[in-house]
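Just so you know, these numbers use all the heavy atoms, side chains as well, and skip hydrogens, waters and symmetry mates. A note on names: the letters A, B, ... follow the listed sequences, proteins ahead of strands, and every chain is numbered from 1.
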Amino acid sequence: MKSFYITTAIDYVNGSPHLGHAYEKVLTDVIARYRRQRGDQVHFLTGTDEHGQKVQASARRQGIEPKAYVDTTAAEFRALYDRLEVSYDDFIRTTEPRHKDVVRSILQKLYDQGEIYRAEYRGFYSTRQEQFLQEKDRLPDGSWPEIFGEVTEIVEPNYFFKLRAYQDWLIDYLKTHEDFIFPKFRHKQVLEFLKEPLNDLCISRPKDRLEWGIPLPFDEGYVTYVWFDALLNYYSAVADKGLWPADFNVIGKDILVPPHAVYWPIMLHAAGLPPPKALLVHGWWLQSGAKMSKSTGEAVNPLALVDQFGVDAFRYFLIREMNVGQDSEFTVGQFMVRYNSELANNLGNLVNRTLNMTTRFSGGQLPPAGPPEDPERALQGLWLKTRDEALALNEGFQFHTALERTMVFLTETNAYIEQRAPWKLGKSAEPRDQALLQTSLATMAEALRLAVALLQHVMPSTARRINSVLGYTPGPTWAEELHWGGRLAGAKVAASLVLFPRPEKPGKPA
RNA sequence: GCCAGGGUAGCUCAGUGGUAGAGCAGAGGACUCAUAAGCCUUUGGUCGCCGGUUCAAUCCCGGCCCCUGGCACCA
């Protein structure tokens, strides 16, 4: 059994989760579930990033300890992912001992190897914001914005990681591993970035400025800053499991360059560890319409759609609408289009009419199919095409197109039903009509079962419900599920099921 | 400025060197098992602009315009 280790980025818990957080976890979950169905031994990691200045400051504002603060916010993130049926196998928090121990041991190892050195960091520091400022923070006239208060240039001893020494190695690695970053154009973007010389990376903060972090093992007066803490979670979570390297680190485009594409592989390489096999870089959901909604008093938090329309409808929309790697617009209007036309009208209604007809014309029990004729052969042929295309598309992360093909198959199943018109056959006593009635009922149910198999990783609970009303229990993997057959014959079906009810009245989002 | 992605029907997008496609929306129709659903038919486009290569370009090349994103220690 092939091992498959996949991770999401860990979320910084200084705030509440939003659509972007949710999307990344759902996307990764879809991949993880897909690989499980293909028979891989999947390990799926997600988690939270809990150290740093902002968390420390937020906790202080609320007058509580940082640990208490992150316990609350981390739980909020985790609750959302549970609600979204994100099937993670492990949830790591950077404040856990198992993580801190690994971070410290890696830092010590690199320090012993001479990869980390002490030097003076010079920069402009805002006491009010408790942070160093960048040149780009300056106003056009060269002064510092009011919010920073008094800004002074200070010199501070710190620890640096010899990033620059590995620049040539990284360029060579990228050139010889063209599949390291998906999509391709992101790969090029990194090489472009590496045309400029790298600076070494400052990896520490003195404790008197930042307490809330992992102390450097070789100088307890400092904590490590951001990257050696956050990035290492992918490794620390499985350091004792023999699962490294990861097959995929799934991340957003905002943290590709430089952290994941530059710091991360170099950190690992310097520590004698292989880089992850690949980075999967997704785009962003744009919500330019949000302003408009606000002006009409109908600001909609996308996550609220989960409560209103269900987890699966939400997951379906995210995966159906987004071309992985690109950006996509999130609008309630588009959500409603997908929900109504694809989920309610096409899929949901097909389920319900199948149940109804089986109940009405066959006593609630699915009959065996007779020999296939042209209509059956056409649908079965389309199934083979749909299945093969969907598998290939899923393999290449083209989930949106795979879903589109599956929808076409469902549409054609609806058309098949019109062609056979079982409601007419059901009123005929002719033996030929009765035989065709059985065949048509069996055919539509089998088509439905198969389509559901292709939707399972995107809409797990919907798949469970449909299989349940069809009186069917699928096997754990796809190996035997994707073949057209007669395994539903004799199954007792439910009388009715409305999966995606239409919203009450238009223009009244709850 | 540099780099990348994109500019195709009202909307969201697919697509190929040879008379432009899908879904949704709109229009018409036949039906009734079904979530006022489903099915059939159908209106609709100078394929961003200007040149070039070619027998032929939306698709190849050059230039230009517009939109979006990135451009380092910032999560």
With [atom1] as the reference atom in both, quote the distance from [N] to [M] in angstrom, rounded to an integer.
{"N": "B:G6", "M": "B:C59", "atom1": "C1'", "result": "16 Å"}
{"N": "B:G7", "M": "B:A14", "atom1": "C1'", "result": "15 Å"}
{"N": "B:C60", "M": "B:A22", "atom1": "C1'", "result": "26 Å"}
{"N": "B:G21", "M": "B:U16", "atom1": "C1'", "result": "11 Å"}
{"N": "B:A25", "M": "B:U32", "atom1": "C1'", "result": "25 Å"}
{"N": "B:U46", "M": "B:G10", "atom1": "P", "result": "8 Å"}
{"N": "B:U58", "M": "B:U53", "atom1": "P", "result": "15 Å"}
{"N": "B:G44", "M": "B:G26", "atom1": "C1'", "result": "9 Å"}

What I'd like to find out is whether the side chain of [X] reaches to under 4.5 Å of the side chain of [Y], using heavy atoms alone.
{"X": "A:V223", "Y": "A:H51", "value": "no"}
{"X": "A:I171", "Y": "A:Q167", "value": "yes"}
{"X": "A:R449", "Y": "A:I466", "value": "no"}
{"X": "A:Y235", "Y": "A:W264", "value": "yes"}

*Answer yes or no on whether A:R205 is positioned over the face of A:Y225, meaning its NZ or CZ is under 6.0 Å from the six-membered ring centre and within 45° of the axis.*
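Yes, a cation-pi geometry holds between A:R205 and A:Y225.
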*asked:* Given the ring of A:Y316, does A:R338 sit roughly above its face, with NZ or CZ under 6.0 Å from the centre of the six-membered ring and within 45° of the axis?
replied: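 Not satisfied by the 6.0 Å and 45° rule.
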*Rounded to the nearest 0.5 Å, what separation is found between the CG atom of A:L436 and the CZ atom of A:R420?*
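So the gap between those two atoms works out to 4.5 Å.
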*Nearest 0.5 Å, what's the NZ-CG distance between A:K424 and A:L437?*
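A:K424 NZ to A:L437 CG: 13.5 Å, rounded to 0.5 Å.
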Between [atom2] on [N] and [atom1] on [X], what's the gap in Å once rounded to a whole number?
{"X": "A:Q334", "N": "B:G10", "atom1": "CD", "atom2": "C1'", "value": "13 Å"}
{"X": "A:Q438", "N": "B:C33", "atom1": "CD", "atom2": "P", "value": "19 Å"}
{"X": "A:L201", "N": "B:C73", "atom1": "CG", "atom2": "P", "value": "11 Å"}
{"X": "A:L231", "N": "B:C74", "atom1": "CG", "atom2": "C1'", "value": "14 Å"}
{"X": "A:E342", "N": "B:C13", "atom1": "CD", "atom2": "C1'", "value": "12 Å"}
{"X": "A:I266", "N": "B:A72", "atom1": "CD1", "atom2": "P", "value": "17 Å"}
{"X": "A:E329", "N": "B:G6", "atom1": "CD", "atom2": "P", "value": "17 Å"}
{"X": "A:L256", "N": "B:A75", "atom1": "CG", "atom2": "P", "value": "18 Å"}

With heavy atoms under 4.0 Å as the rule, sort [X] into base, sugar-phosphate or nothing.
{"X": "A:D254", "answer": "base"}
{"X": "A:W227", "answer": "sugar-phosphate"}
{"X": "A:E404", "answer": "nothing"}
{"X": "A:L350", "answer": "nothing"}
{"X": "A:P422", "answer": "nothing"}
{"X": "A:P197", "answer": "base"}
{"X": "A:R205", "answer": "sugar-phosphate"}
{"X": "A:Q326", "answer": "sugar-phosphate"}
{"X": "A:I203", "answer": "nothing"}
{"X": "A:K427", "answer": "sugar-phosphate"}
{"X": "A:F185", "answer": "sugar-phosphate"}

*Taking protein heavy atoms under 4.0 Å as touching, what does nucleotides 37-42 of chain B look like 5' to 3' if B marks base contact, S marks sugar-phosphate-only contact and - marks none?*
SBS---
_Tell me whether A:D49 contacts the main-chain N or O of A:A230 through its side chain, where contact means a donor paired with an acceptor under 3.5 Å._
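It does not hold such a pair.
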*On RNA chain B, nearest-nucleotide positions of A:I10 versus A:V498: which is more 5'?*
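Closer to the 5' end of RNA chain B: A:V498.
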*Given RNA chain B, 5'-ward residue of the pair A:N199 and A:M357, judged by closest heavy atom*: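 That would be A:M357.
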*Closest non-hydrogen atom pair, A:I417 against A:P422*: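 Smallest interatomic distance, heavy atoms only, reads O-CD, 3.4 Å.
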*Given that both pair distances must be under 3.5 Å and the pair must be Watson-Crick or G-U, what runs of three or more consecutive pairs involve RNA chain B?*
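Expected stems, ordered by start: B:1-7 with B:65-71, B:10-13 with B:21-24, B:26-29 with B:39-42, B:48-52 with B:60-64.
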*OP1, OP2 of B:A75 versus side-chain N and O of A:Y225: anything below 4.0 Å?*
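Answer yes for this pair, as a side-chain N or O of A:Y225 is under 4.0 Å from OP1 or OP2.
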*Ignoring backbone atoms, establish whether A:R186 has a side-chain N or O less than 4.0 Å from OP1 or OP2 of B:G5.*
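For B:G5, neither OP1 nor OP2 has a side-chain N or O of A:R186 closer than 4.0 Å.
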*Nearest to the side chain of A:N352, which nucleotide is it out of B:U35, B:C73, B:C31?*
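Of all the options, the side chain of A:N352 is nearest to B:U35.
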*Using a strict 4.0 Å threshold on nitrogen-to-oxygen distance, state whether A:R432 and A:E373 make a salt bridge.*
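Judged by the 4.0 Å cut-off on N to carboxylate O distance, A:R432 and A:E373 do form a salt bridge.
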*Under 6.0 Å between ring centres, would you say that holds for A:H18 and A:Y23?*
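No, too far apart.
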